[in-house]
Amino acid sequence: MFFRRLFNLFYAPYAALVFVSAIPLVCALIISGPTLAIRRAIGRAGVRLTLLLMGVPFRVRGLEHLPPGPSIAVSNHASYLDGLVLTAALPARYTFVVQDGAARWPLVGLTIKRMGVTFVNRTVAREGATQARGLIRRIAGGQYLTIFAEGTFKDAPGLLPFKNGAFMMAARAGVPIAPCVIRGTRDLWGGGRWLPRWHPVEIEVLPAISLPVHDAHAIHHLRDNVRNAI
């Protein structure tokens with residue numbers, strides 16, 4: 001324990017310096033990318049390179065479980081790093097659904113816009129319902145989405161209740177859910193800490209779960225099955 005604390009005493013400022021130096025450069029490259037495919041490729045490679053320079057072991061398992069057709073990847077949420085590591089882990093065809101307030105974040109907002117994320121407003125019911133209908137049409141038309149079903153995260157370990165949106169859209173569009181488990185980001189840089197501490201990060205994609213039925217009880221059943229799996 002003593003040697004681990006001593007290691008992190010030196011590791012924390014080094015890793016933080018790498019992160020704050022590399023990520024703005026990656027953002028700038030994404031913003032200047034000429035096509036969406038190139039921008040997403042830069043994002044995936046940039047995150048992987050940043051983790052490598054930080055000395056963070058990064059492992060992705062279970063990609064063979066991703067459905068061949070349109071689907072919604074649903075993941076737990078434990079740290080601000082989660083969007084980055086899922087960007088690096090999932091194929092570029094997946095795009096994130098993000099709270100619209102993120103569009104106003106300095107540098108990050110423009111970067112994720114250029115990455116093709118979909119912004120939603122969860123605070124206005126009518127606008128949210130309109131956006132959900134649009135997302136259902138897009139999923140049915142062949143789009144792949146990634147959603148943090150908890151909607152937010154807390155500093156303490158544990159899985160928050162899942163919101164219904166992702167599962168309602170999956171059921172109505174008739175597409176499966178791909179459960180994704182993120183391990184290690186809270187330990188790496190979460191829990192309200194200002195500096196990182198060394199910890200491996202792993203993404204595991206679990207077998208897809210489908211329940212394309214429209215009634216509310218079936219949607220809740222799908223939600224609970226996915227949460228239990230994660």
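These numbers were taken from a predicted model, which means no experiment stands behind them. Positions are given from 1 along the sequence.
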A.B. asks: Where the side chain of Ser32 meets the backbone of Ala28, is there a donor-acceptor pair that is under 3.5 Å apart?
C.D. replies: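 Yes; judged by distance alone, with no hydrogens or angles, the pair exists.
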
A.B. asks: I'd like to know if the side chain of Arg186 reaches the main chain of Lys154, judged simply by a donor and an acceptor atom lying under 3.5 Å from each other, with no hydrogens or angles considered.
C.D. replies: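 Side chain of Arg186 to backbone of Lys154, a donor-acceptor pair under 3.5 Å: yes, one is there.
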
A.B. asks: Are Leu36 and Leu86 in one and the same hydrophobic cluster, where Ile, Leu, Val, Met, Phe, Trp and Tyr link if side-chain heavy atoms are under 4.5 Å apart?
C.D. replies: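 Not linked; separate clusters.
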
A.B. asks: For Arg61, what residues pass the side chain to side chain donor-acceptor pair (under 3.5 Å) criterion, not counting sequence neighbours?
C.D. replies: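 Arg61 satisfies side chain to side chain donor-acceptor pair (under 3.5 Å) with Glu202, Glu204 once adjacent residues are dropped.
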
A.B. asks: Nearest 0.5 Å, please: how far is SG in Cys180 from CG in Leu63?
C.D. replies: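 SG of Cys180 is found 8.5 Å from CG of Leu63.
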
A.B. asks: Side chains of residues 9-26: which donor-acceptor pairs under 3.5 Å do they make with residues two or more places apart or in other chains?
C.D. replies:
| unit_1 | atom_1 | unit_2 | atom_2 | d |
| --- | --- | --- | --- | --- |
| Tyr11 | OH | Met54 | O | 2.7 |
| Tyr14 | OH | Leu53 | O | 2.5 |
| Ser21 | OG | Leu17 | O | 2.7 |

A.B. asks: Please give the remaining members of the hydrophobic cluster of Leu107, linking ILVMFWY side chains under 4.5 Å, ordered by chain and number.
C.D. replies: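 Once heavy-atom contacts under 4.5 Å are chained together, Leu107 belongs with Ile31, Leu110.
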
A.B. asks: Is there side-chain contact between Leu188 and Trp198, with at least one heavy-atom pair below 4.5 Å?
C.D. replies: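 Side chain of Leu188 against side chain of Trp198, heavy atoms only: no contact under 4.5 Å found.
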
A.B. asks: Rounded to the nearest 0.5 Å, how far apart are CG of Asn225 and OG of Ser210?
C.D. replies: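 Nearest 0.5 Å value for the CG-OG distance: 11.0 Å.
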
A.B. asks: Over 60° means perpendicular and under 30° means parallel, so classify the ring planes of Phe148 and His77, tilted if in between.
C.D. replies: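 Geometry flag for Phe148 against His77: parallel rings.
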
A.B. asks: Checking the side chain of Arg39 only, and the main-chain atoms of Gly33 only, is there a donor and an acceptor separated by less than 3.5 Å?
C.D. replies: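 Yes, because the side chain of Arg39 sits within donor-acceptor range (under 3.5 Å) of the backbone of Gly33.
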
A.B. asks: Evaluate the side-chain proximity of Phe58 to Pro200: yes if any heavy-atom separation is below 4.5 Å, no if none is.
C.D. replies: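 When only atoms from C-beta onward are counted, Phe58 and Pro200 do not touch, as no gap falls below 4.5 Å.
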
A.B. asks: Answer yes or no: is there a side-chain heavy-atom contact under 4.5 Å between Val181 and Ile203?
C.D. replies: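 No. Closest side-chain heavy atoms not under 4.5 Å.
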
A.B. asks: Return the CZ to CD1 distance between Arg44 and Ile30, rounded to the nearest 0.5 Å.
C.D. replies: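 Reported value, rounded in 0.5 Å steps: 12.0 Å.
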
A.B. asks: Hey, does Asp100 have a side-chain heavy atom less than 4.5 Å from the side chain of Val120?
C.D. replies: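 SC-SC contact between Val120 and Asp100 ruled out.
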
A.B. asks: Answer with yes or no whether the hydrophobic clustering places Leu222 together with Leu160; edges join I, L, V, M, F, W, Y residues whose side-chain heavy atoms lie under 4.5 Å apart.
C.D. replies: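 Each belongs to a different hydrophobic cluster.
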
A.B. asks: Working to the nearest 0.5 angstrom, can you tell me the gap between Arg223 CZ and Phe162 CZ?
C.D. replies: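 Rounded to the nearest 0.5 Å, the CZ-CZ separation comes to 10.0 Å.
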
A.B. asks: With no hydrogens and no angle check, just 3.5 Å: does a side-chain donor-acceptor pair link Asp224 and His220?
C.D. replies: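 Distance-only check fails for Asp224 and His220.
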
A.B. asks: Within the 3.5 Å criterion, strictly below it, is a donor on Tyr80 or Thr185 matched to an acceptor on the partner's side chain?
C.D. replies: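 Not at all, the side chains of Tyr80 and Thr185 share no donor-acceptor pair under 3.5 Å.
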
A.B. asks: Less than 3.5 Å apart, any donor N or O on the side chain of Thr118 or Arg138 sitting next to an acceptor on the other?
C.D. replies: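 Per modelled atom types, Thr118 and Arg138 side chains form a pair under 3.5 Å.
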
A.B. asks: Testing the basics here: between Ala73 and Leu90, what is the closest heavy-atom pair and its distance to 0.1 Å?
C.D. replies: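 Scanning both residues, the minimum pair turns out to be CB-CD1, 4.0 Å.
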
A.B. asks: For Arg93 and Gln143, indicate whether the former's side chain and the latter's backbone hold a donor-acceptor pair under 3.5 Å.
C.D. replies: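 The answer is no, because no donor-acceptor pair under 3.5 Å joins these two groups.
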
A.B. asks: Is Val108 reachable from Phe153 through a run of hydrophobic residues whose side-chain heavy atoms are each under 4.5 Å from the next?
C.D. replies: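 No: no chain of side-chain contacts under 4.5 Å links Phe153 to Val108.
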
A.B. asks: Quick one: does any side-chain atom of Asp187 pair with a main-chain N or O of His199 as donor and acceptor, under 3.5 Å?
C.D. replies: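 Side chain of Asp187 to backbone of His199, a donor-acceptor pair under 3.5 Å: no, none is there.
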
A.B. asks: Do Leu195 and Leu81 share a hydrophobic cluster, counting only Ile, Leu, Val, Met, Phe, Trp and Tyr and linking them when any side-chain heavy atoms are less than 4.5 Å apart?
C.D. replies: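 No; tracing contacts between hydrophobic side chains, which count when under 4.5 Å, never links both residues.
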
A.B. asks: Is a side-chain donor or acceptor of Thr35 paired with a backbone partner of Ile38 at a separation under 3.5 angstrom?
C.D. replies: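 Between the backbone of Ile38 and the side chain of Thr35 there is a qualifying donor-acceptor contact (under 3.5 Å).
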
A.B. asks: Taking the side chain as C-beta and beyond, is there a heavy-atom pair between Val226 and Phe167 under 4.5 Å?
C.D. replies: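 A side-chain contact under 4.5 Å exists here.
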
A.B. asks: Calculate, to the nearest 0.5 Å, the distance between atoms SG and CE belonging to Cys27 and Met115 respectively.
C.D. replies: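 Between atom SG of Cys27 and atom CE of Met115 there are 9.5 Å.
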
A.B. asks: So how far is it from Ile177 CD1 to Leu145 CG, rounded to the nearest 0.5 Å?
C.D. replies: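 These two atoms lie 9.5 Å from each other.
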
